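Below: one structure, written as structure tokens.
Below, chains carry the letters A, B, ... as their sequence lines are ordered, and counting in each starts from 1. Predicted model only: the values in this text are computed from it and were never measured.
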2 protein chains.
Amino acid sequence: MAATLKDVAARAGVHPSTVSRVLRKQENLKILDTTRKRIFDAVEELNYQPDFTARALRMKKSFTIGLIVPDIGNPFFSRIARTIEQLGFEKDYTVIVCNTDEHQAKENKYVNHLLSRGIDGLIMVPAQDSDESVNKVLEHKVPLVLIDRLFEDINTNAVISNNVESAYNAVKHLVDLGHKKVAFLRGRNNIYTMTKRFEGYQKAVDEFGLVKSDSLIVGNGFSFDDGHNATTKLLNCPEPPTALLLTGNLITVGAISAILEKGLKIPEDISVVAFADSIFSPYLVKPLTTISHPLYEIGSKAFNLLLENIESDEETLPPTQIMINTQFDIRETTGKAKAA
Amino acid sequence: MAATLKDVAARAGVHPSTVSRVLRKQENLKILDTTRKRIFDAVEELNYQPDFTARALRMKKSFTIGLIVPDIGNPFFSRIARTIEQLGFEKDYTVIVCNTDEHQAKENKYVNHLLSRGIDGLIMVPAQDSDESVNKVLEHKVPLVLIDRLFEDINTNAVISNNVESAYNAVKHLVDLGHKKVAFLRGRNNIYTMTKRFEGYQKAVDEFGLVKSDSLIVGNGFSFDDGHNATTKLLNCPEPPTALLLTGNLITVGAISAILEKGLKIPEDISVVAFADSIFSPYLVKPLTTISHPLYEIGSKAFNLLLENIESDEETLPPTQIMINTQFDIRETTGKAKAA
DNA sequence: ACGATTGGCACAATCGATTGTTTACACAGT
DNA sequence: ACTGTGTAAACAATCGATTGTGCCAATCGT
């Protein structure tokens with residue numbers, strides 16, 4: 001249906017290759033102005049649009065990048081995705097978005113899929129049950145940038161946050177308010193961010209002599225329900241914690257709902273600090289004390305790093321790891337610890 | 001680098017076409033079991049993955065669908081995107097996500113881009129400054145499903161909500177609480193959803209004899225700032241409205257922030273009803289009274305409708321329009337009107 | 001036993017572009 | 001007149017798969 005190079009060539013009375021060269025406007029290309037005009041006219045008249053698929057096949061360059069995240073429905077990822085898409089648009093790259101739901105199997109399948117589609121680069125937040133897919137991308141020498149999570153024993157490009165410090169500071173803030181028993185609601189276990197945040201939490205617990213107990217470490221997922229259930233479990237303890245460190249957007253909403261259901265008040269009965277990036281944070285039941293991420297910065301750093309790798313002449317550049325600092329906003333969900 | 005059909009064929013000692021046929025497991029294909037085995041072994045050994053680009057070129061089928069939305073960072077769209085991506089995954093379609101920022105120019109550019117990429121179908125929320133791009137898609141006979149917005153004079157597939165009724169009911173609820181002066185905060189003007197919601201608002205205003213004034217119709221954008229500015233403007237009036245009908249997620253946060261900045265209380269000083277789909281809605285300063293959308297249903301209906309069109313043998317199926325009912329949740333941001 | 005069928009696979013064209021190599025011709029230099 | 005040089009464009013291979021057709025040998029029918 002659509003016009004092809006051949007059609008344009010026929011109409012302009014030249015060979016397809018000539019049309020191609022003229023349209024790709026190569027430097028010091030010698031073409032008669034009259035020919036050039038005939039070609040442009042033909043392109044115009046036939047409303048010719050080059051076929052990307054054919055181009056990609058021939059040039060081994062698809063102008064496509066993959067973005068693999070756990071859940072594009074989560075504000076954290078959707079806002080990063082937005083940035084990447086935006087910058088991609090400016091550079092003529094389109095973005096294929098993939099959700100893993102934190103399932104390694106989906107991630108593996110997607111990686112294979114994307115590789116066989118010939119993507120020019122990949123930005124991903126790995127599920128981290130295995131490093132299989134990351135290694136596969138590396139083997140194929142497809143430029144890769146990890147976001148938020150890292151395999152510490154694999155040297156890759158990455159944009160990550162200062163998790164240890166952020167968690168430590170959050171707990172310190174609670175300590176300053178007199179809290180002794182702080183729970184840590186983790187998302188999935190063995191994820192880089194969780195390990196690091198736990199490290200910061202643990203460090204503060206040790207340093208400030210807080211109550212140390214495995215029962216204070218709960219949760220195993222990033223969803224609303226995960227947050228709700230873990231919190232409910234905590235609150236049903238005989239001696240529940242007086243403060244919660246939450247580690248995700250959806251976990252946070254779940255935790256808040258559980259607290260309210262119990263009829264407890266924030267922060268009078270229980271304080272809450274959250275790793276959260278929702279635009280709603282400041283307008284919750286109580287304005288939420290948060291550790292938030294500069295999402296635009298994360299997205300743009302990741303994209304630019306990827307682009308650099310894609311456009312580099314080297315087959316592989318030495319990996320770069322970029323550390324991004326979180327922001328700590330003390331609002332109203334953290335207050336003095338109740339006297340025991 | 002990666003193995004091709006030819007490599008596999010060479011290793012198995014057969015012709016590439018044979019490999020292709022075996023792998024595509026055509027029905028009643030006559031191939032010796034020994035040959036078949038040699039081929040599968042070769043595929044295994046070479047770790048062969050077919051090249052999607054080449055396939056797409058030859059078969060004129062890319063197993064790719066486009067998704068064009070105003071802003072993937074907005075929870076409304078990101079959660080719909082998630083559903084579409086999920087269902088696509090099950091059917092082996094990947095999704096290219098595009099943000100228009102409500103710019104018609106970006107939309108047009110994307111549509112051209114996606115068409116020249118040979119997408120199999122397109123789901124879009126049009127910017128609606130012009131119907132140019134929609135018509136272009138239609139001309140190319142690429143299956144199309146519109147979400148949320150509709151061109152009433154173009155017959156296309158679409159999944160939309162009962163906007164008129166939803167807005168009418170929301171205003172009626174306010175009327176029942178004694179409100180006489182209700183403001184309408186629209187997003188962009190001349191968008192289908194806005195026109196329809198305004199129609200419902202207007203109908204209620206007329207029917208219940210509410211204050212009718214152009215000064216009560218404000219706003220021209222879907223962002224936080226748009227909501228904030230429009231609300232601030234309203235509140236600075238000598239006689240501000242006692243209730244607000246908000247028409248978007250981000251507008252809502254903006255409006256709330258403006259109200260709080262003014263030192264006003266919700267709902268004592270001013271009531272708020274919002275078209276909002278954030279998971280945070282129930283946990284805001286006051287649990288938000290909302291008109292929300294069944295986002296999974298919208299996404300899945302749209303995807304399935306698209307798939308039906310893609311897989312149909314007919315070149316074009318008669319367009320289907322699916323109406324989805326919103327959900328009205330009365331929470332605590334709406335209360336009795338202040339006595340005047 | 002001989003032509004007809006059919007099973008099993010190879011051949012070659014094709015999708016739509018890109019790109020290295022040739023060709024055809026004009027003109028300049030000797 | 002003949003070689004050399006450069007210009008303008010054509011030719012043809014190629015990317016990696018799919019698919020209509022052709023071919024050879026074994027089997028079948030009579």
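Both tests do not hold together for A:Lys301 against A:Tyr296: distance to the six-membered ring centre under 6.0 Å, angle to the ring axis within 45°.
In this structure, the NZ atom of B:Lys6 is 15 Å from the C1' atom of D:dT18, given to the nearest Å. In this structure, A:Lys60 atom NZ and C:dT19 atom C1' are separated by 15 Å, rounded to whole Å. Atom OH of B:Tyr48 and atom C1' of D:dG16 are 7 Å apart (whole Å). Across the protein-nucleic acid pair, B:Arg36 atom CZ and C:dC9 atom P stand 9 Å apart, rounded to whole Å. Atom CZ in A:Arg38 sits about 13 Å away from atom P in D:dA8, given to the nearest Å. D:dA13 atom P lies 22 Å from atom CE of A:Met59, rounded to whole Å. Distance, B:Phe52 CZ to D:dG16 C1': 13 Å, rounded to whole Å. For B:Leu46 and D:dG16, the CG to C1' distance is 15 Å, given to the nearest whole Å.
Residue A:Ser17 places a side-chain atom within donor-acceptor reach of the base of D:dC11, judged by atom type and a 3.5 Å distance cut-off alone.
The side chain of A:Lys61 places no N or O atom within less than 4.0 Å of a non-bridging phosphate oxygen (OP1 or OP2) of C:dT18. Look at A:Arg55 and you'll find a side-chain N or O under 4.0 angstrom from OP1 or OP2 of C:dT18. One finds a side-chain N or O of B:Lys30 lying less than 4.0 angstrom from the OP1 or OP2 phosphate oxygen of C:dG7.
When distances run from any side-chain atom of A:Asp51 to the nucleotides C:dA17, C:dT18, D:dG16, the shortest one goes to C:dA17. Proximity note for A:Leu5 (side chain, C-beta onward) versus D:dG16, C:dA17, C:dC11: the nearest is C:dA17. Listed candidates were C:dA17, D:dT21, D:dA10. Nearest to the side chain of A:Pro50 is C:dA17. For B:Arg21, taking side-chain heavy atoms from C-beta onward, the closest of the listed nucleotides D:dA12, D:dG20, C:dA17 is D:dG20. Among the nucleotides C:dC9, C:dA17, D:dG16, the one closest to any side-chain atom of B:Leu32 is C:dC9.
Salt-bridge annotation for B:Lys37 and B:Asp41: present, with a side-chain N of the basic residue lying under 4.0 Å from a carboxylate O of the acidic one. A salt bridge links A:Arg82 and B:Asp101; the closest N-O separation between the charged side-chain nitrogens and carboxylate oxygens is under 4.0 Å. A salt bridge links B:Glu102 to B:Arg149: at least one charged side-chain nitrogen sits closer than 4.0 Å to a carboxylate oxygen.
A:Leu57 comes within 4.0 angstrom of a base, heavy atoms only. Using a 4.0 Å heavy-atom distance criterion, B:Thr35 is classed as a sugar-phosphate-only contact. Within the nucleic acid shown, A:Gly118 has no heavy atom closer than 4.0 Å to any nucleic acid atom.
Position along DNA chain C of the nearest nucleotide to B:Arg58 versus B:Thr18 favours B:Thr18 as the more 5'-ward residue.
In this structure, the side chains of A:Val142 and A:Leu115 come closer than 4.5 Å at one or more pairs of heavy atoms.
When every heavy atom of A:Val8 is checked against every heavy atom of A:Ile39, the shortest pair comes out as CG1-O, 4.2 Å.
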